Amino acid sequence: MINLVLFGPPGAGKGTQSEKIIEKFHLTHLSTGDLFRKHLGEGTELGKLARTYMDKGHLVPDEVVIGMVEDKLVTTTETNGFIFDGFPRTVAQAEALDQLMVKIGAQISGMVALEVDEEVLKNRIRERGKTSGRVDDQDEQKIQTRINVYLDETLPVAAYYDKQGKLTKVNGVGSIDDIFQNISKVLESY
């Protein structure tokens, strides 16, 4: 069983690479972004609460996110493992994820961190905003806020997994297929 944390700043290509990883390795995709969009689309109370934070470019509180992740882990019984896309975003979430994995008799196999220069990220996010219709991808101030939040609050998660010997950094600039080949080599070593 492979349980992968796919990591990187907004615009690093996590979503694109997740799709390829899921197809090749038959993992269950666990994206907090997808969970949030589901709740936002359904207009649930959780979705409304998440929206107030997301609209400001801030992270959704841990207890909300962890509850959604736990539900997904517990209700998914037939799987070759999970790919965590956009989660954990804080060290507290990483610690909670480790505890959740123990509950289901598993552990995190490793973290693949996509590394991309900040200017490249901004350009990618702006381009994504033009095609996706995502409002937060079209506002320069929100883009910068999201990058700053990543640097201040999320980047320490990589150090958390590095201390466990589970961090592998992969260059996130290049062709989609080249990046995927590099990620695949890492996953095949698990």
Side-chain angles (χ1 to χ4, degrees), residues 1-40 46 50 53-54 58-116 121 146-147 149-151 153-170 172 176 179-180 182-190:
M1 180 179 259
I2 296 174
N3 294 303
L4 171 69
V5 175
L6 186 59
F7 192 74
K14 295 181 300 292
T16 300
Q17 294 299 327
S18 285
E19 291 175 15
K20 296 179 80 59
I21 293 166
I22 291 162
E23 183 179 335
K24 180 174 181 176
F25 294 94
H26 309 289
L27 302 179
T28 298
H29 188 231
L30 199 151
S31 164
T32 53
D34 288 347
L35 292 173
F36 291 147
R37 282 186 282 281
K38 175 183 181 283
H39 286 276
L40 292 169
L46 181 59
Y53 292 93
M54 293 168 69
H58 295 147
L59 297 176
V60 175
D62 286 351
E63 51 280 357
V64 175
V65 178
I66 292 164
M68 290 190 300
V69 170
E70 181 173 14
D71 180 65
K72 179 75 171 176
L73 289 174
V74 171
T75 59
T76 305
T77 54
E78 299 288 325
T79 186
N80 289 331
F82 292 91
I83 179 169
F84 297 90
D85 173 9
F87 179 85
R89 292 188 185 209
T90 65
V91 172
Q93 288 180 356
E95 291 168 344
L97 178 58
D98 281 347
Q99 293 170 1
L100 291 175
M101 296 304 288
V102 168
K103 270 181 146 176
I104 65 166
Q107 67 176 346
I108 296 300
S109 305
M111 169 189 272
V112 170
L114 296 173
E115 296 190 315
V116 180
L121 294 173
R146 289 169 60 205
I147 291 171
V149 167
Y150 169 80
L151 293 172
E153 298 179 28
T154 309
L155 195 55
V157 176
Y160 174 82
Y161 286 107
D162 192 26
K163 286 178 187 171
Q164 295 180 10
K166 295 181 178 182
L167 172 65
T168 304
K169 297 176 182 179
V170 172
I176 291 169
I179 296 165
F180 178 64
N182 291 332
I183 293 171
S184 292
K185 288 176 189 173
V186 174
L187 298 185
E188 289 163 357
S189 74
Y190 292 159

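Here, residue 1 is the first one in the sequence, and each next residue gets the next number. Values in this document were obtained by computation on a predicted structure and should not be read as measured data.
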| note | Residues Tyr190 and Ser109: closest non-hydrogen pair is CD1-CB, 3.7 Å

| field | Exercise: identify the closest heavy-atom pair between Met111 and Ala158 | value | SD-CA, 3.8 Å

| Would you say the side-chain atoms of Asn3 pair up with the backbone N or O of Phe82, donor to acceptor, closer than 3.5 Å? | yes

| said: Are Phe25 and Ile183 packed together at the side-chain level, in the sense that at least one heavy-atom pair is separated by less than 4.5 angstrom? | reply: no

| said: Could you check whether any side-chain heavy atom of Ile21 comes within less than 4.5 Å of a side-chain heavy atom of Phe180, counting everything from C-beta outward? | reply: yes

| How long is the span from the CG atom in Leu73 to the CE atom in Met101, to the nearest 0.5 Å? | 6.0 Å

| query | Is His58 close to Glu153 at the side-chain level, that is, under 4.5 Å between some pair of heavy atoms? | reply | no

| message | Are Thr79 and Met1 packed together at the side-chain level, in the sense that at least one heavy-atom pair is separated by less than 4.5 angstrom? | response | yes

| request: Spell out, as yes or no, whether a donor-acceptor pair under 3.5 Å connects the side chain of Gln17 to the backbone of Ile176. | output: yes

| When Tyr161 is tested against each of Val112, Thr168, Ile108 for side-chain contact (heavy atoms from CB on, under 4.5 Å), which residue passes? | Ile108

| Backbone N/O of Arg89 and side chain of Gln93: donor-acceptor pair under 3.5 Å | yes

| field | Under 3.5 Å donor-acceptor, Lys14 side chain and Pro9 backbone | value | yes

